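Everything below concerns the one structure shown next.
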Amino acid sequence: MQSLIRRLLPPLAGAAVFGVALWGVHAALRQYHYREILAGLRTIPWPRPALALLLTVLAYAALTAYDALALRYIRHPLPYRRVGLASFVSYAFSNTLGASALTGASVRYRLYSAWGISGPDIARIVAFCLVTLWTGLLAVSGLALVVEPGTYATLLHFPPPVASVTGLCCLALVGSYLTWSAR
């Protein structure tokens, strides 16, 4: 009986999460008729969705590189098809459901442990990916705040000098991390 529960629980949990997601989409779109949605979609020039799709593919390709670098860091090579699968699925879940430290890490644990990677090494992979992501976010944010402090100061409700200093602090953190990593 316990074996049956263990075998059926993951697919049932997945179906339940999918059902809740469908219910959420239904609730959000309840006020619109499908014809209104289709009419709105038709107003978007075709190059925009094509560009959005291309940029999404490129973003996921970059994200799979995080996992590839993490596996190189822990000295546990895997074929890229496995790395790409684990990375893509974990980021798809974490970007869709949120709580990336929980959702993405759980997917990574499930896949990487099945491929012979230990729990502590999986934790290192997750930490490496999080640090890499935040390093990139700090670099882009810092650069944006330094280059266009007035624009982002308005959005953040900061005075422009505070936005510039915040950007410089972000860039200093990234520079410090990169210097420390190089050593």
Side-chain angles (χ1 to χ4, degrees), residues 10-71 79-108 110-111 125-126 128-160 162-164 166-171 173-174:
L12 290 175
V17 168
F18 185 70
V20 168
L22 284 178
W23 174 80
V25 169
H26 174 73
L29 298 177
R30 185 179 321 171
Q31 63 188 350
Y32 302 102
H33 193 274
Y34 79 92
R35 287 187 188 114
E36 292 175 284
I37 296 170
L38 289 176
L41 289 173
R42 285 188 194 110
T43 66
I44 301 171
W46 74 265
R48 287 190 182 177
L51 180 61
L53 181 62
L54 174 66
L55 292 174
T56 301
V57 169
L58 291 175
Y60 274 99
L63 291 173
T64 62
Y66 292 180
D67 280 61
L69 288 171
L71 284 157
Y80 183 76
R81 68 183 193 287
R82 286 187 175 182
V83 174
L85 173 68
S87 179
F88 176 79
V89 172
S90 66
Y91 281 114
F93 272 89
S94 63
N95 290 344
T96 303
L97 301 175
S100 64
L102 177 64
T103 55
S106 299
V107 171
R108 279 188 178 90
R110 176 79 172 159
L111 293 172
I125 292 168
V126 170
F128 185 97
C129 291
L130 284 172
V131 168
T132 304
L133 175 71
W134 278 100
T135 302
L137 289 173
L138 281 173
V140 170
S141 299
L143 191 61
L145 289 169
V146 168
V147 172
E148 288 288 334
T151 302
Y152 295 103
T154 303
L155 291 172
L156 298 170
H157 306 289
F158 289 169
V162 173
S164 293
T166 303
L168 289 172
C169 289
C170 290
L171 293 174
L173 279 171
V174 171

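Keep in mind the model is a prediction, meaning the values are calculated, not measured.
A side-chain donor from one of Thr64 and Tyr80 sits under 3.5 Å from a side-chain acceptor of the other.
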| task | Show your reasoning for whether side-chain contact (heavy atoms from CB on, under 4.5 Å) applies to Leu145 and Leu156. | result | CA-CA 10 Å; Leu145 289 169; Leu156 298 170; 3.8 Å; yes

| request: Go through the steps to decide whether Thr132 and Leu69 satisfy the test side-chain contact (heavy atoms from CB on, under 4.5 Å), and finish with yes or no. | output: CA-CA 10 Å; Thr132 304; Leu69 288 171; 5.6 Å; no

| Checking side-chain contact (heavy atoms from CB on, under 4.5 Å) for the pair Ser141/Tyr152: CA distance, chi angles, key distance, verdict? | CA-CA 10 Å; Ser141 299; Tyr152 295 103; over 6 Å; no

| request: May I have the step-by-step check of side-chain contact (heavy atoms from CB on, under 4.5 Å) for Val140 and Leu143, ending in yes or no? | output: CA-CA 5 Å; Val140 170; Leu143 191 61; 5.8 Å; no

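Contact detail for Glu36 and Gln31: the closest heavy-atom pair is OE1-O, 4.3 Å. Contact record, Ala92 with Tyr60: CA-OH, 3.7 Å, taken as the closest heavy-atom pair. Here the closest heavy-atom approach between residue Ser90 and residue Gly104 is recorded as CB-O, 3.4 Å. Here the closest non-hydrogen pair linking Ala153 and Ala163 is CB-CB, 3.9 Å.
Partners of Phe128 according to the ring pair (Phe, Tyr, Trp, His ring centres under 6.0 Å) rule, which considers only residues two or more places apart in sequence or in another chain, are Tyr73. Shown here are the side-chain hydrogen bond (donor to acceptor under 3.5 Å, both in side chains) partners of Thr151, two or more places apart in sequence or in another chain: Glu148. Remark: His26 engages Arg30 in a side-chain contact (heavy atoms from CB on, under 4.5 Å) (not counting sequence neighbours).
Here CG of Leu138 is found 9.5 Å from CG of Leu133. Values are rounded to the nearest 0.5 Å. The structure places CG of Leu130 at 10.5 Å from OG1 of Thr135, a figure rounded to the nearest 0.5 Å. With rounding to the nearest 0.5 angstrom, the CG atom of Asp67 is 14.5 Å from the CZ atom of Arg82.
The main-chain N or O of Leu63 is found under 3.5 Å from a side-chain atom of Ser87 such that the two form a donor-acceptor pair.
Under the 4.5 Å side-chain criterion, counting only non-hydrogen atoms from C-beta, Val83 is in contact with Leu71.
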